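One structure below.
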Amino acid sequence: MPCTTILVGKNASYDGSTLMARNEDSGAGNFDPKKVEVIIPDKQPRYYKSVISGVEIELPDNPMRYTSVPNALNHEGIWGEAGFNEENIAMTETETITSNSRVLGADPLVKTGIGEEDMLTLVLPYIHSAREGVLRLGNLLETYGTYEMNGIGFQDINEIWWLESIGGHHWIAKRVPDDAYVVMPNQQGIDWFDFEDAYGKQEHHMCCQDMLNFIEKNHLDLAMKKNLKNFDIRAALGSHTDMDHAYNTPRAWYMVKCLNPKIDTYQPDSDDIPWSFVPEHKITIEDIKYVLSSYYQGTEYNPYIKYGDTSLAGKYRPIGINRNNFLAILQCRPYVKKEIQAVEWISMGCNAFNALVPFYANVNTSPEYVSNTNENVDTNNFYWINRMIGTLCDAHYNACHGIIDRYALKMHGLGHNFISESDEQVPENEVSSYLEACNEKMAQIAKEETQQLLNTILFVSSNEMKNAYSMSDA
């Protein structure tokens with residue numbers, strides 16, 4: 001699944017939260033309607049069978065409640081994608097990543113293994129820390145294999161870990177530095193790896209037990225000098241193809257350009273863009289929304305550019321692409337009590353033309369506005385109304401993009417204010433019920449503001465129809 005991810009350590013975020021965010025994008029020529037829902041323990045399967053691969057897995061009998069953003073249409077399975085469980089542990093899956101023929105020849109993908117369809121359902125209800133998430137998924141990969149290469153994020157209040165599957169059964173994982181952020185397009189991303197740590201204290205690195213032996217046996221190490229403490233894992237396991245230079249590395253380059261504008265070392269086709277950076281300023285919710293909605297604004301690659309040399313417009317794959325299904329920013333806040341630490345900021349449809357809405361995660365139900373998605377286009381549904389708005393705005397970009405900016409500014413301000421005020425009124429008992437009522441209120445605000453946006457965008461777009469004529473008989 002083509003997607004883009006950013007991970008932000010607690011000391012790099014504006015409020016000390018760990019922040020984990022990802023766009024889920026549909027494949028080319030396809031759109032996957034999404035919904036937000038809560039899976040209570042009684043609804044969690046005890047016996048799981050994948051739709052795509054047919055893999056069958058017995059699940060533990062003690063699942064926790066968790067949130068999810070699954071496909072609204074289940075013909076390809078669940079595809080849960082992002083959520084928090086009741087212990088405030090988050091997971092985002094998956095970033096489809098690349099590999100190389102040497103890796104795939106040594107450990108072929110497994111047609112009957114697990115994949116993006118399955119992973120959130122198989123892991124999130126059973127883990128009590130980000131590290132535990134790495135270990136559970138790693139064990140599943142070793143046991144059942146996978147039919148695709150993926151990167152998966154795990155988050156708790158202190159740590160974020162990033163796991164990358166390697167071939168059919170292998171995996172590596174690295175902890176996001178507390179003072180740094182990580183940018184991940186659809187490419188194997190971890191650059192340097194400390195095998196001494198991974199086989200020792202595991203403070204910042206983990207891997208499957210035979211990872212190093214696998215590399216050595218299959219001659220995957222491309223370094224001129226062996227260095228297990230600073231191992232070039234990207235050269236050994238990753239890719240740097242012509243396709244990467246049009247599809248992947250430009251996205252990483254632009255995110256770094258936005259968050260570290262003083263760095264001018266890299267180009268859109270650079271193979272050596274680091275996995276993590278210390279930002280020039282602490283990163284906000286709005287910073288994440290901007291980079292995960294971006295389409296190379298301020299560069300000659302902007303597909304909407306109308307001035308100067310337009311020959312490079314649209315050269316690279318945007319982050320804010322027409323096929324964005326949703327964006328989830330998972331925020332785990334250390335300065336409030338545990339019951340309200342987990343907040344999910346959700347947007348749906350094309351991110352270039354939408355806004356985020358915050359929802360508390362410690363709930364048993366989701367508002368109908370975000371959970372009633374089906375195959376029919378419906379303005380009473382958050383996914384579909386945003387899909388319509390994006391289509392109109394794209395066709396009338398110059399007339400509409402300022403309207404979208406004002407809408408997003410207003411919505412994000414309302415979101416921050418809503419969370420701040422709701423935090424202050426949390427009762428001692430019946431917290432989940434209170435938070436559900438808060439989420440319903442926020443959904444209603446989003447519904448009213450987004451409907452008004454559609455009204456405005458439709459009027460502006462109608463005035464720009466090709467058959468418009470200025471003289472009338474009124």
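What you see is a predicted model; the values in this text were computed from it and never measured. Heads up: numbering here begins at 1 and tracks the sequence.
Among all heavy-atom pairs drawn from N158 and D178, the shortest one is O-OD1, 3.8 Å. In this structure, C350 and I321 approach most closely via the heavy-atom pair SG-O, 3.4 Å.
Side-chain contact annotation: D118 with T121, donor-acceptor N/O pair under 3.5 Å absent. For N322 and D394, the side-chain atoms include no donor-acceptor pair closer than 3.5 Å. Checking N150 against E148 by side-chain atom types alone, a donor-acceptor pair falls below 3.5 Å. If you check the side chains of N186 and T96, you find no donor sitting under 3.5 Å from an acceptor. A side-chain N or O of S26 and one of N325 form a donor-acceptor pair less than 3.5 Å apart. Looking at Q44 and Y126, their side chains do bring a donor and an acceptor atom within 3.5 Å of each other. With 3.5 Å as the limit, one finds no donor-acceptor pair spanning the side chains of Q452 and E448. Between the side chains of T249 and Y316, not a single donor N or O lies within less than 3.5 Å of an accepting N or O.
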Worksheet item: Is there a side chain to side chain contact (heavy atoms under 4.5 Å, CB included) between E24 and N71 once you walk through the steps?
Response: CA-CA 11 Å; E24 187 208 34; N71 286 359; 4.3 Å; yes

Item to complete: Check the pair Y181, L259 against side chain to side chain contact (heavy atoms under 4.5 Å, CB included), reporting the backbone distance first and the verdict last.
Response: CA-CA 9 Å; Y181 68 94; L259 299 175; 3.5 Å; yes

Worksheet item: Between K289 and L327, does a side chain to side chain contact (heavy atoms under 4.5 Å, CB included) hold up when you go through it step by step?
Response: CA-CA 8 Å; K289 176 63 170 70; L327 161 62; 3.6 Å; yes

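Judged purely by atom type and a 3.5 angstrom limit, N100 has no side-chain atom pairing as donor or acceptor with the backbone of S239. Between the side chain of R317 and the backbone N or O of R251, no donor-acceptor pair lies under 3.5 Å. A donor-acceptor contact shorter than 3.5 Å links the side chain of E164 to the backbone of I190. Using modelled atom types, one side-chain atom of N324 and one backbone atom of N351 make a donor-acceptor pair closer than 3.5 Å. Judged purely by atom type and a 3.5 angstrom limit, N439 uses its side chain to pair as donor or acceptor with the backbone of Y360. N85 contributes a side-chain N or O that, together with a main-chain N or O of L124, makes up a donor-acceptor pair within less than 3.5 Å.
Put simply, CH2 on W162 and OG on S276 are 13.5 Å apart, with the number rounded to the nearest 0.5 Å. For the atom pair F214 CZ and L237 CG, the distance stands at 7.5 Å (nearest 0.5 Å). Interatomic distance, D191 CG to N230 CG, rounded to the nearest 0.5 Å: 9.0 Å. The CG atom of L330 sits 10.0 Å away from the CG atom of L7 when rounded to the nearest 0.5 Å. Atom-to-atom distance recorded for T94:OG1 and E117:CD is 11.5 Å, nearest 0.5 angstrom. To the nearest 0.5 Å, atom CG of residue D25 and atom CD of residue E95 are 8.0 Å apart.
The environment of E430 atom CD is sparse: at most 12 non-hydrogen atoms of other residues, nucleotides or ligands sit within 6.0 angstrom. Within 6.0 Å of atom NE2 in H412, more than 12 heavy atoms from other residues, nucleotides or ligands are found, so the atom counts as buried in its surroundings. Annotation for E216: atom CD counts as buried by contact number, over 12 foreign heavy atoms lying within 6.0 Å. More than 12 heavy atoms of other residues, nucleotides or ligands sit less than 6.0 Å from atom CD of Q451.
E196 and K201 are not joined by a salt bridge, as no carboxylate oxygen comes within less than 4.0 angstrom of a charged side-chain nitrogen. One finds no salt bridge joining D197 and R175 here, because no Lys/Arg side-chain nitrogen approaches an Asp/Glu carboxylate oxygen to under 4.0 Å. Under a 4.0 Å N-O distance rule, the pair E339/K337 does not qualify as a salt bridge.
Considering only heavy atoms from C-beta on, I52 comes within 4.5 Å of Y147 through its side chain. The shortest distance between side-chain heavy atoms of V103 and I166 falls below 4.5 Å. Counting heavy atoms from C-beta on, the side chains of M348 and N354 never come closer than 4.5 Å. Contact of the T67 side chain with the V36 side chain is not registered, since no non-hydrogen atoms from C-beta on lie closer than 4.5 Å. In this structure, Q425 and Y434 have side chains that are in contact, with non-hydrogen atoms separated by less than 4.5 Å.
Every side-chain contact (heavy atoms from CB on, under 4.5 Å) that A130 has, sequence neighbours left out, goes to F154, D156, W161. Residues passing the side chain to side chain donor-acceptor pair (under 3.5 Å) test with W384, sequence neighbours excluded: none. For E93, there are no side chain to side chain donor-acceptor pair (under 3.5 Å) partners, not counting sequence neighbours.
Aromatic rings of F382 and Y369 (six-membered ring for Trp) have centroids within the 6.0 Å cut-off, being under it. Taking the ring centroids of H205 and W192, they lie at or beyond the 6.0 Å cut-off.
Relative orientation of the F193 and F195 rings is perpendicular, given thresholds of 30° and 60° on the angle between their planes.
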